[in-house]
Amino acid sequence: MKIAFFHYYHSSAQRGLETYLDQLNLYTSKHHQTQIYQGPKKAYPPSHNLSLKRRFFLDKSSRQIAAWTLDCLSDLKHFNPDIVLALNGGWQSIILRLWTLVNRKKLIIPGQSGPGWDDRWNLFCSPDVFVCLTQAQLLWAKRQISRSKLVVIPNGVDLDFFSPPGKSAKLPISSPFVLIVAAAQDSKRVDTTIKAISSLPEISLLWIGTGPLEAKLKKLGIKLLGSRFHHLSLKHQQMPDYYRSADLFTLCSAKTEAFGIVYLEALASNLPVVATNDLSRRQIIGKAGLYVTNPQDIEEYASVLKQALARKWGNQPRKQALKFSWGKVIDQYLKLFNQLVSS
């Protein structure tokens with residue numbers, strides 16, 4: 001079987017989406033012939049601001065992805081895959097939907113954008129299969145206009161790479177400290193996390209991430225936390241040491257977030273988590289963390305962080321991560337691939 005993966009930003013970004021595709025391709029290639037179609041190294045993901053142009057995929061990034069996808073079609077015809085998996089949405093989804101229909105191939109679109117405009121469009125394009133990452137996303141997808149088959153397959157984590165034993169990073173901030181791994185964008189609420197930590201005078205914060213709001217958030221962190229704040233931009237391969245060194249992980253992002261692979265990386269490192277109280281986060285984190293009903297309420301957020309730091313978690317985080325091993329996740333994908341080709 002041949003499987004083609006389309007991701008324009010795969011060679012230029014380091015986010016959860018790129019981690020997901022790296023792992024999916026690694027495990028799938030052990031059983032089938034795969035090929036990743038990726039854009040130029042200097043292609044950077046756009047802002048998440050949903051402008052009118054962005055909504056109708058007329059912005060510069062959407063047009064670049066459309067042109068690039070069209071350019072890939074001749075090579076795609078030569079590769080002749082049985083299944084195409086598309087990750088960039090917009091024009092790419094409709095282009096590859098038409099290509100797979102004409103060539104009698106199968107199209108899979110994973111819901112990595114999360115409930116909202118982009119994945120609503122992906123469902124409207126009616127791929128053969130739309131992969132929901134959580135049960136909450138499945139409930140949302142059922143309410144959309146689509147004839148796609150819906151399946152639930154969560155993201156996975158490399159339990160050998162992210163594990164409690166190993167080296168810990170040395171940092172210029174005092175313990176205990178909270179770790180947040182998040183892009184510098186509004187939906188990740190890094191600013192809210194900084195403000196919550198600022199009301200806990202004995203606690204430090206390490207923020208790992210980059211993005212359009214990076215300078216603004218660094219300025220806020222230094223202003224409110226001073227020497228209790230530290231910011232880094234790291235490659236994915238460097239991350240395990242930093243998870244091991246932290247006392248608590250937090251990410252109270254917007255409820256529209258599709259999944260959050262960083263939760264699994266933290267849990268696999270046996271790090272308890274504080275996250276937004278919604279159905280998706282509860283499915284991912286389970287009893288290995290505590291939840292904030294309204295992350296914009298700084299007092300509530302700070303109180304939950306304090307409770308989580310005071311609790312003895314034992315091995316509960318690592319046990320929760322075991323449910324999301326890539327071994328289990330890839331079995332579901334391989335089963336899906338076989339079902340599609342044989343149907």
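- Remark: S175 engages F177, D247 in a side chain to side chain contact (heavy atoms under 4.5 Å, CB included) (not counting sequence neighbours).
- The environment of NZ in K2 is crowded: more than 12 heavy-atom neighbours from other residues, nucleotides or ligands sit within 6.0 Å.
- Applying the ring pair (Phe, Tyr, Trp, His ring centres under 6.0 Å) test to pairs two or more places apart or on separate chains, those with a residue in residues 190-227 are W207-H231.
- Within the structure, ring pair (Phe, Tyr, Trp, His ring centres under 6.0 Å) contacts touching residues 70-116 (residues at least two apart or in different chains) do not occur.
- Take W68 and apply the ring-ring contact (aromatic ring centres under 6.0 Å, His included) test, not counting sequence neighbours, and it matches F6, Y8.
- Looking at residues two or more places apart in sequence or on another chain, you find a salt bridge (charged side-chain N to carboxylate O under 4.0 Å, His left out) between D128 and R97.
- Remark: H230 engages no residue in a ring-ring contact (aromatic ring centres under 6.0 Å, His included) (not counting sequence neighbours).
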Compile the donor-acceptor pairs under 3.5 Å between side chains in residues 216-225 and protein atoms, sequence neighbours left out, one pair per line.
none

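- In terms of the side chain to side chain contact (heavy atoms under 4.5 Å, CB included) criterion, residue partners of L139 (sequence neighbours excluded) are, by chain and number, R143.
- Legend: ring pair (Phe, Tyr, Trp, His ring centres under 6.0 Å) pairs involving residues 253-279, not counting sequence neighbours: none detected.
- Taking W121 as the reference, F57, F124 meet the ring-ring contact (aromatic ring centres under 6.0 Å, His included) condition, with sequence neighbours excluded.
- Using a 3.5 Å distance cut-off with no hydrogens or angles, the side chains of Q23 and N155 do not pair a donor with an acceptor.
- Using a 4.0 Å cut-off between a side-chain N of Lys or Arg and a carboxylate O of Asp or Glu, R244 and D241 qualify as a salt bridge.
- Take K30 and apply the side chain to side chain contact (heavy atoms under 4.5 Å, CB included) test, not counting sequence neighbours, and it matches Y27.
- With sequence neighbours left out, the side chain to side chain contact (heavy atoms under 4.5 Å, CB included) criterion links P317 to L267, N270, P272, A288, W313.
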